[in-house]
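First up is the structure itself, then whatever we jot down about it.
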Amino acid sequence: TVKDPNSWKAAYWVGKCHYRLNNYGYALKYSNQAMTLGQDKVTEEIYFLLGNAHHRIGNIDTALINYELALSKMSPSRAKVLRVENHIAECKFAKTELAKEAPIERTRLEGNVNSGYNDYGVVILDETTIYFTSRRSGNEGGGMNPDDQQYFSDTYRASYNKELKKWENISNDLGKINSDGFDAINYISPDGTYGIITLNNTATDVKKTTRGSDLCELKMNNKGTWNTPRAIKNKSINTSYFEGSATVTADGNTMYFATDRRGEKSSQDIYMVEKVGKKWGDAKPLPMNVNTTGYETTPFITPDGKYLFFSSDGHIGLGGRDIYVTENLGDSWSDHINLGAGINTVTDDTHFVYSSEFKKAF
């Protein structure tokens, strides 16, 4: 756009880049600029980008108009690849949901648990202690991921000050739980002595790297700090693909996790594995009324194993990845239910966890 300010193609691709970076306002700005510069020469995919940008900002009616224009101008095969009809259905669903009175109010956590970086993946230990994952500065080793130029993630712990009503004592000094690579806490047992973490150090200089993102087990030592994570030695759990976001029932016998090992057929799926004696058995994907050909991630199973919460962009939601719940019926899973506005938004909503004991969700 600097070399040729009259090029609609430059403006279009800058808009696409901003959209991929979640800069939706800039994506809309450059998409509109491309439309003005290109007029009848512009690619039909500009309407899809305009639909995306308006959708994420919450301009549902305008997004719907642009998606329908994209559908009318694109080839059927291209529209299918981009799932344009799904986006149209999402806009219609969003209009219905957002018109309802939201029964739940979201409140940002007070204190330094939130930063200017990505903070996510809360694990509830008790009413005043949580663990979470952050890509803030000050991580172990100080390294950055060369792919996105953001800091590697670390696991942090925070405590709640009831008098000040805020989260404080934020620390990643947790023994050997954090490495020079990506570390993301997934699960901690009710007694606080056992956990599961996702570890990926393939982009670091360490001699022994993980095969991809692997699920590792943690144990607390007698000093009250975590020992070095150990990869779960089970070929049906850890592969050369991504495995992460583990969640376990209270009895420790059933685990659910996300993996993209079937990426050629579905972007990412949720798998379940049960213990056979003291070892994990064979992991298998959940049925296709839970999984889709889209992206399922961040599962959370209630302690009794009855309800599974998960995020997906494969089911019709408000936009992006929405949070759904399905009930374990023993030999099958109930149809998924969208948690609706108040929890879900027109952008990505993930990492839902709930404590019935403390009546809090994160």
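Residues take their numbers from the sequence shown, with the count starting at 1.
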Checklist entry - Out of Glu296, Arg261, Glu243, which residue meets the side-chain contact (heavy atoms from CB on, under 4.5 Å) rule with Tyr271? => result Arg261
Checklist entry - Strictly under 6.0 Å, is that where the ring centroids of His336 and Phe310 end up? => result no
Next on the checklist: Which residue is it: Leu49, Thr43, Val42? I am looking for the one with a side-chain contact (heavy atoms from CB on, under 4.5 Å) to Glu45.
Outcome noted: Thr43
Next on the checklist: Parallel, tilted or perpendicular, judged at 30° and 60°: which one describes the rings of Trp333 and Tyr256?
Outcome noted: perpendicular
Item to check | Ser134 side chain to Asp119 side chain, donor-acceptor N/O pair below 3.5 angstrom | outcome: yes
Checklist entry - Is the closest side-chain heavy-atom distance between Asp61 and His54 below 4.5 Å? => result no
Next on the checklist: Is it the case that over 12 heavy atoms from other parts of the model lie below 6.0 angstrom from the CG atom of Asp282?
Outcome noted: no
Checklist entry - Short question: side chain of Thr155, backbone of Ile185 - any donor-acceptor pair under 3.5 Å? => result yes
Checklist entry - Should we say atom OH of Tyr241 is surrounded by more than 12 heavy atoms from elsewhere, each under 6.0 Å from it? => result no
Checklist entry - Are Thr225 and Asn221 close enough that a side-chain donor and a side-chain acceptor fall under 3.5 Å? => result yes
Next on the checklist: Tell me whether Asn114 at atom CG has more than 12 heavy atoms from other residues, nucleotides or ligands lying less than 6.0 Å away.
Outcome noted: yes
Item to check | Residue pair Asn52 / His87, side-chain heavy-atom distance below 4.5 Å | outcome: yes
Checklist entry - Do you reckon Tyr131 sits in the same ILVMFWY cluster as Val353, going by side-chain contacts under 4.5 Å, direct or chained? => result no
Checklist entry - Just by modelled atom types, is the Asn178 backbone N or O under 3.5 Å from a matching donor or acceptor in the Asp183 side chain? => result no
Next on the checklist: Classify the ring geometry of Trp167 against Phe362: parallel below 30°, tilted from 30° to 60°, perpendicular beyond 60°.
Outcome noted: perpendicular
Item to check | Pairs involving residues 189-204, ordered by first then second residue, that meet salt bridge (charged side-chain N to carboxylate O under 4.0 Å, His left out) (sequence neighbours left out) | outcome: none
Checklist entry - Does a side chain donor of either Asn201 or Thr204 reach within less than 3.5 Å of an acceptor in the other side chain? => result no
Checklist entry - Hey, is the main chain of Asn32 close enough, under 3.5 Å, to the side chain of Thr36 for a donor-acceptor pair? => result yes
Next on the checklist: Looking at Thr133, is its backbone amide N or carbonyl O close enough to the side chain of Ser153 to form a donor-acceptor pair, meaning the two atoms are under 3.5 Å apart?
Outcome noted: no
Item to check | Exercise: do Asp173 and Ser171 side chains pair donor with acceptor under 3.5 Å | outcome: no
Item to check | Side-chain donor or acceptor of Thr210 paired with backbone N/O of Gly212 under 3.5 Å | outcome: yes
Checklist entry - Where does the angle between the aromatic ring planes of Phe309 and Phe300 fall among parallel (under 30°), tilted (30 to 60°) and perpendicular (over 60°)? => result tilted
Item to check | Ionic contact status for Arg78 with Glu44, cut-off 4.0 Å | outcome: no
Checklist entry - Does the side chain of His351 come within less than 4.5 Å of Val122's, by heavy atoms? => result no
Next on the checklist: Under 4.5 Å between side-chain heavy atoms, counting indirect links through other Ile/Leu/Val/Met/Phe/Trp/Tyr residues: same cluster for Ile316 and Val290 or not?
Outcome noted: no
Next on the checklist: Quick test of your reading of the model: are Asp148 and Arg135 salt-bridged, counting only N-O distances below 4.0 Å?
Outcome noted: yes
Checklist entry - Does Arg136 make a cation-pi contact with Tyr156, if we ask for NZ or CZ under 6.0 Å from the ring centre and within 45° of the axis? => result yes
Checklist entry - Do other residues, nucleotides or ligands put more than 12 heavy atoms under 6.0 Å from Lys360 NZ? => result yes
Next on the checklist: For Tyr19 and Tyr24, I'd like to know if the aromatic rings sit close, meaning centre-to-centre distance below 6.0 Å.
Outcome noted: yes
